[in-house]
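Here the structure comes first, spelled out in structure tokens, and everything after it is commentary.
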Number of protein chains: 2
Amino acid sequence: MDLLEDLEKSPTSFIKDDIIIRSETALDRLYVLTKGWVIAEKMSHADSRPIVHVFLPGDIIGFSELPFQKTSYQARSRTSGIMCPFPSSRLSRLFVESPRLARLIFAAVTIERAEQEDRASQFCRNNAAAKLALFVLQTLDRLKLLNSNLRDQFQCPLTQQEIGDLVGLSSVHVSRTFSQMEANGLIQRHKSFLKVKDYDSLAEMSDYRNRYGSLNLDWVPAHP
Amino acid sequence: MDLLEDLEKSPTSFIKDDIIIRSETALDRLYVLTKGWVIAEKMSHADSRPIVHVFLPGDIIGFSELPFQKTSYQARSRTSGIMCPFPSSRLSRLFVESPRLARLIFAAVTIERAEQEDRASQFCRNNAAAKLALFVLQTLDRLKLLNSNLRDQFQCPLTQQEIGDLVGLSSVHVSRTFSQMEANGLIQRHKSFLKVKDYDSLAEMSDYRNRYGSLNLDWVPAHP
DNA sequence: CGAACACTTGATAAAAGTCAAACGACGTGG
DNA sequence: CCACGTCGTTTGACTTTTATCAAGTGTTCG
């Protein structure tokens with residue numbers, strides 16, 4: 001617990017549209033995101049700007065850039081929020097100081113990797129409604145992890161253009177598809193809020209499984 | 001070194017189309033794949049069968065299923081080959097016995113995660129040639145890691161149907177797009193061999209970066 | 001209150017999917 | 001060693017889905 005708190009000892013606040021990690025630079029630290037939404041976007045030459053990942057409160061920003069000399073994307077905040085930077089050497093020491101905590105972090109990264117696989121295999125299939133369904137359910141369940149009074153809706157600070165850049169659709173088609181899903185009683189929108197009206201149907205059409213619902217951490221023994 | 005060799009002490013051979021991991025079962029071990037190709041496919045109800053990942057020699061099969069109670073996909077061999085199973089508790093012990101090796105494995109998983117992000121963000125965009133270009137380059141560079149006499153071509157044991165299931169295209173469109181890429185001098189095919197004729201063009205059209213080309217493992221100190 | 005900015009709607013174009021048939025390679029068994 | 005059947009690939013015709021362009025309608029925020 002002390003070690004975990006140590007990672008969050010220097011909270012820094014940021015405003016909307018801050019650049020948190022610059023593209024093509026060396027990254028020598030990680031950030032615990034404690035409040036706010038941050039997106040990782042590729043600075044591609046084309047006008048489209050693929051969004052590689054959406055970071056939500058509780059996530060650690062920078063893992064996927066750690067083993068490389070230069071960052072491949074930039075991280076930009078979409079809301080104001082708070083993050084806690086710590087040097088990557090701190091993570092390295094953790095493997096010696098607490099093998100148990102290292103295993104937990106390893107498990108966390110592995111879970112995220114599984115979610116990433118879910119996205120890769122779903123988003124590459126051309127069904128706009130299924131893509132959006134997966135985005136909505138994954139985001140809702142991930143937000144619930146750190147915000148337990150969340151039930152069936154959340155505030156989404158991403159524009160439809162950005163959602164399209166994430167799942168691979170044009171903003172126009174995101175709009176149309178969301179409208180149709182709303183007409184079919186699957187979701188409901190109000191301002192920037194997204195409400196899940198029919199979780200089961202959304203889950204079935206996107207072949208979704210809640211990765212946090214049936215964990216097995218037997219191999220992370222309580223007392224090492 | 002002893003610890004690494006320990007993981008490969010019980011080599012098992014498999015034939016083509018063996019089921020290595022069954023879907024919806026508990027997984028208590030991992031497999032070092034030393035020879036052959038293995039695919040991870042979702043047993044979806046529909047006739048399409050999304051391919052979540054392709055394992056190549058040197059990969060460890062099962063990481064992404066480790067923290068869950070049940071596997072979400074099945075692993076099936078596409079060639080004959082050799083793998084070395086070891087219990088997941090072995091991985092757990094590794095975190096105590098060798099923090100340095102644990103960090104290296106952590107780094108390896110992180111690199112794979114970055115590649116997965118590359119796939120997710122590219123495959124979700126609707127450009128058949130770019131999808132296939134990314135698949136070809138990623139596969140070639142990954143194969144080169146353990147087979148250094150590989151230069152510009154490799155034997156691909158996947159059918160066009162399977163390649164389509166991986167990148168999200170119909171088999172018909174894979175055929176057409178490959179033919180066109182061949183006509184444009186980007187690749188060349190002969191039997192099941194795929195030859196890269198114009199690496200740079202393929203890399204540019206798919207926004208590819210070789211993840212193993214510019215690693216920074218400073219945070220994995222040589223002497224912990 | 002007004003000016004960005006985001007979203008919606010319609011018309012049209014491009015990309016990829018589907019169906020079906022033909023072709024080719026490959027392995028098996030006579 | 002050849003005939004045959006299976007499986008994978010190619011090709012053509014047509015359909016569906018999504019992208020693009022452009023104009024109009026909110027919405028938000030200084």
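In this structure, B:F193 atom CZ and D:dT9 atom P are separated by 15 Å, rounded to whole Å. Following rounding to the nearest Å, A:Q180 (CD) and C:dC7 (P) show an atom-to-atom distance of 18 Å. For the pair B:D17 CG and D:dT6 P, the interatomic distance rounds to 17 Å; values are reported in whole Å. In this structure, B:E182 places its CD atom 10 Å from P of D:dT11, rounding to the nearest Å. With rounding to whole Å, A:L132 atom CG is found 12 Å from D:dT18 atom C1'. Protein atom CD1 of A:I163 is 10 Å distant from nucleotide atom P of C:dT8, rounded to whole Å. With rounding to whole Å, B:N127 atom CG is found 9 Å from C:dA15 atom P. Remark: P of D:dT28 and NZ of A:K16 are 11 Å apart, rounded to the nearest angstrom.
Between B:D18 and B:R76, none of the side-chain N atoms (NZ, or NE/NH1/NH2) sits under 4.0 Å from a carboxylate O, so this pair counts as no salt bridge. Ion pairing between B:R113 and B:E117 holds under the 4.0 Å rule for side-chain N and carboxylate O.
For A:V172, counting side-chain heavy atoms from C-beta on, the closest listed nucleotide (D:dT10, C:dG10, D:dT28) is C:dG10. Residue B:S170 places its side chain closer to C:dG17 than to any other of C:dA16, C:dG17, C:dT8. For B:L169, the listed nucleotide lying nearest its side chain is C:dG17; candidates were D:dT11, C:dT9, C:dG17. For B:N126, the listed nucleotide lying nearest its side chain is D:dT18; candidates were C:dC26, D:dT20, D:dT18. Side-chain proximity of B:H173 to the nucleotides C:dG17, D:dA22, C:dT18 is greatest for C:dG17.
When heavy atoms are screened at a 4.0 angstrom cut-off, A:R125 is found touching no nucleic acid atom at all. If you check every strand for non-hydrogen atoms under 4.0 Å, A:T159 touches sugar and phosphate atoms only. Counting any heavy atom pair closer than 4.0 Å across all strands shown, A:G164 reaches no nucleic acid atom.
On a pure distance criterion of 3.5 Å, a polar donor-acceptor pair joins the side chain of B:R176 and the base of D:dG12.
Ring geometry for A:F63 against B:F106 counts as perpendicular: the plane angle is over 60°, on a 0 to 90° scale with 30° as the lower cut. Between A:Y208 and A:Y199, the ring planes lie perpendicular to each other; the angle is over 60°, past the 30° to 60° tilted range.
The side chain of A:K191 contributes no N or O atom lying less than 4.0 Å from OP1 or OP2 of C:dA6. Using a 4.0 Å cut-off, some side-chain N or O of A:R189 falls inside it from OP1 or OP2 of C:dT8. Contact between the side-chain N/O atoms of A:Q161 and the OP1/OP2 oxygens of C:dC5 is not found at any separation under 4.0 Å.
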Salt bridge (charged side-chain N to carboxylate O under 4.0 Å, His left out) evaluation trace for A:K42 with B:D118:
CA-CA 10 Å; A:K42 278 207 175 140; B:D118 294 341; 3.6 Å; yes
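Taking the ring axis of A:Y212 as reference, the NZ or CZ atom of A:R142 does not stay both within 45° of it and closer than 6.0 Å to the ring centre.
If you find the closest nucleotide of DNA chain D to A:S192 and to B:L158, the one lying nearer the 5' end belongs to B:L158.
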